[in-house]
There are 2 protein chains.
Amino acid sequence: MSYMNRVEDPKRNAILVSAFTQFSGYGFRRTSMEDIATAAGVSRASLYSYFGNKEEIFRCLSASIHEQALADAEAALRATSGKPDIARRVEGALVARFARLQEVVTQSPHGREIYDEDNRLCGDLVLESSARFRALLASAMRAADRAREINLKGAGLSAPAAAEVIQLGASGLKQGAPDVATLKTRLRRFVRVFFAGLR
Amino acid sequence: MSYMNRVEDPKRNAILVSAFTQFSGYGFRRTSMEDIATAAGVSRASLYSYFGNKEEIFRCLSASIHEQALADAEAALRATSGKPDIARRVEGALVARFARLQEVVTQSPHGREIYDEDNRLCGDLVLESSARFRALLASAMRAADRAREINLKGAGLSAPAAAEVIQLGASGLKQGAPDVATLKTRLRRFVRVFFAGLR
DNA sequence: TATTGACAATATATGCGTATATGGTCAATT
DNA sequence: AATTGACCATATACGCATATATTGTCAATA
């Protein structure tokens, strides 16, 4: 049954896209299955061929967004074109992880709740995504340390500790950012100085 | 009239102390003037000799806490005993500004709302305090730059830009901190590396 | 003169019935 | 096999009335 279809199912994806616009515009509560179905151009009943219920749509949407952000972040950390140094790669990962989401949050009324770690429906997904991102960062820091790109020992930091400070510090830079450009500027400044301190 | 008494008025202060315990324990809405009066050992009516109304108590409480934190932060930035370098002084300021408040937030159910910048009652005070703290940081950074303790130009940063990144980055370190000790550790790591990058 | 009990106006909580909206299911249809 | 209209149970929105709680004021008091 479609329920088990692979992620690339175009119809299932169309539903998620419609759900995203509705949820981010009106929030979970104020969005009805009818709204999602209409936006996706299908009947309400057929939504249940692809998802178990409304909450599952929300969770799958949240999971899908986080997966995309994580994949982009991982790609940034692995990037080789232009031979970016560790600071550039981490900056790219932070942009992938934070700047993208920030855009949704600042430009849609209820975009925030999709990424809210206190949200009953997807809080666990947000936390898991956050933990995985930190692990990616830690791994990249460890590799850079081995490659002598940075000197963790000299700074008295373990790779996980450095990753934690980078992730949380970068997260704080979102506060009060009027637009994505501002956030990117802050991220660049933060990363530049921080990695200069890890030489 | 007492209404205009100076801040040191012990009775007025006792009311603020009681209000703090009640507000941080039950929140503004669920705290009644009766609760505050009882906790302060006075009649409800006499509260109105010291404050115009319930909202004013809340605002004065918020303002008082922020003033204290700012005063402590400023003292840390001016500290001379032990000849602390700029990194140590900033670390002290961040602890004064964030770690103190964090303790209240983590240990009381509704402590957060007193520092919530989205709070209708005190949001303006929180933002103002935040701006003043950033100004203090910027001033200290500027002074350290002139004294050649740090090299802002080399990092491509203005003093306000550096202060912004420090304040917001440090603020992010609060996330998910189970206790104040954890936050302090993160702050120390952050400040150490960041200022090493400003050499 | 600082403090307070008592008072009036307002705000909040609760219950109830009804109308509407929504979620989830399933047999019928294409 | 995918899709859907129709169905039912539940949830939410609304109006309204009543009871209780709370706020802010003021004249009386100690």
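Keep in mind that the numbers below use all heavy atoms, side chains included, and drop hydrogens, waters and symmetry copies. Proteins come first, then strands; the chains are lettered A, B, ... in the order of their sequence lines, and each starts at number 1.
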Next on the checklist: Tell me the interatomic distance from A:Asn53, atom CG, to C:dG23, atom C1', rounded to whole angstroms.
Outcome noted: 9 Å

Item to check | Chi angles and distances behind the salt bridge (charged side-chain N to carboxylate O under 4.0 Å, His left out) call for B:Glu164, B:Arg134 | outcome: CA-CA 6 Å; B:Glu164 180 184 60; B:Arg134 186 162 53 235; 5.3 Å; no

Item to check | Partners passing side-chain hydrogen bond (donor to acceptor under 3.5 Å, both in side chains) against B:Ser139 (at least two apart in sequence or in another chain) | outcome: none

Checklist entry - A:Arg12 CZ to D:dT3 P: how many Å, rounded? => result 14 Å

Checklist entry - D:dA2 C1' sits how many Å from A:Tyr48 OH, rounded? => result 17 Å

Checklist entry - Should the pair A:Asp35-A:Arg30 be classified as a salt bridge under the 4.0 Å nitrogen-to-oxygen rule? => result no

Checklist entry - Taking a hydrophobic cluster as the set of Ile, Leu, Val, Met, Phe, Trp and Tyr residues connected by side-chain heavy atoms closer than 4.5 Å, whether directly or through intermediates, do A:Leu152 and A:Ile86 fall within one such cluster? => result yes

Next on the checklist: From CG of B:Asp35 over to C1' of D:dA21, roughly how many Å is that when rounded to an integer?
Outcome noted: 11 Å

Checklist entry - Between C:dA21 atom P and A:Ile36 atom CD1, what is the distance in whole Å? => result 18 Å

Identify each atom pair where a protein N or O and an N or O of nucleotides 10-14 of chain C are less than 3.5 Å apart, giving names and distance.
| from | atom 1 | to | atom 2 | distance (Å) |
| --- | --- | --- | --- | --- |
| C:dA13 | OP1 | B:Arg29 | NH2 | 3.1 |
| C:dA13 | OP1 | B:Arg30 | NH1 | 3.3 |

Next on the checklist: Could you tell me how far apart B:Met33 (CE) and D:dT25 (P) are, to the nearest whole angstrom?
Outcome noted: 10 Å

Checklist outcome for this item: Per-helix bend value, the helix from C:dT1-D:dA30 to C:dT30-D:dA1, C1' rotation axes over five pairs per end, 10° rounding, shows 50°

Checklist entry - Got a salt bridge between A:Asp145 and A:Lys153, using NZ or NE/NH1/NH2 to carboxylate O under 4.0 Å? => result no

Checklist entry - Looking only at side chains, do A:Ser130 and A:Glu117 share a donor and an acceptor under 3.5 Å apart? => result no

Checklist entry - Considering only heavy atoms from C-beta outward, does the side chain of B:Phe194 approach that of B:Val90 to under 4.5 Å? => result no

Contacts under 3.5 angstrom, residues 15-28 of chain A side chains, donor-acceptor by atom type, not counting sequence neighbours:
| from | atom 1 | to | atom 2 | distance (Å) |
| --- | --- | --- | --- | --- |
| A:Ser18 | OG | A:Ala14 | O | 3.1 |
| A:Ser18 | OG | A:Ala39 | O | 3.4 |
| A:Ser18 | OG | A:Ala40 | N | 3.3 |
| A:Thr21 | OG1 | A:Ser18 | O | 2.8 |
| A:Ser24 | OG | A:Phe20 | O | 2.7 |
| A:Ser24 | OG | A:Thr21 | O | 3.4 |

Item to check | Length of the CD-C1' vector between B:Glu34 and C:dA6, whole Å | outcome: 13 Å

Item to check | Set of residues satisfying side chain to side chain contact (heavy atoms under 4.5 Å, CB included) with respect to B:Asn119, sequence neighbours excluded | outcome: B:Phe58, B:Glu113, B:Asp116, B:Leu121, B:Cys122

Next on the checklist: Can you measure B:Tyr50 atom OH to C:dT3 atom C1' for me and round it to whole angstrom units?
Outcome noted: 9 Å

Item to check | Pair A:Arg97 + A:Glu74, salt bridge at N-O below 4.0 Å | outcome: no

Checklist entry - Are B:Leu187 and A:Leu198 connected in a single hydrophobic cluster, I mean Ile/Leu/Val/Met/Phe/Trp/Tyr linked by side-chain heavy atoms less than 4.5 Å apart? => result yes

Polar atoms only, N or O, under 3.5 Å: list the protein pairs with nucleotides 4-11 of chain D and their distances.
| from | atom 1 | to | atom 2 | distance (Å) |
| --- | --- | --- | --- | --- |
| D:dT4 | OP2 | A:Ser43 | N | 3.0 |
| D:dT4 | OP2 | A:Ser43 | OG | 3.0 |
| D:dT4 | OP2 | A:Ser46 | OG | 3.4 |
| D:dT4 | O5' | A:Ser43 | OG | 3.4 |

Item to check | Side chain of A:Lys11 (C-beta onward), nearest among D:dT25, D:dT3, C:dG23 | outcome: D:dT3

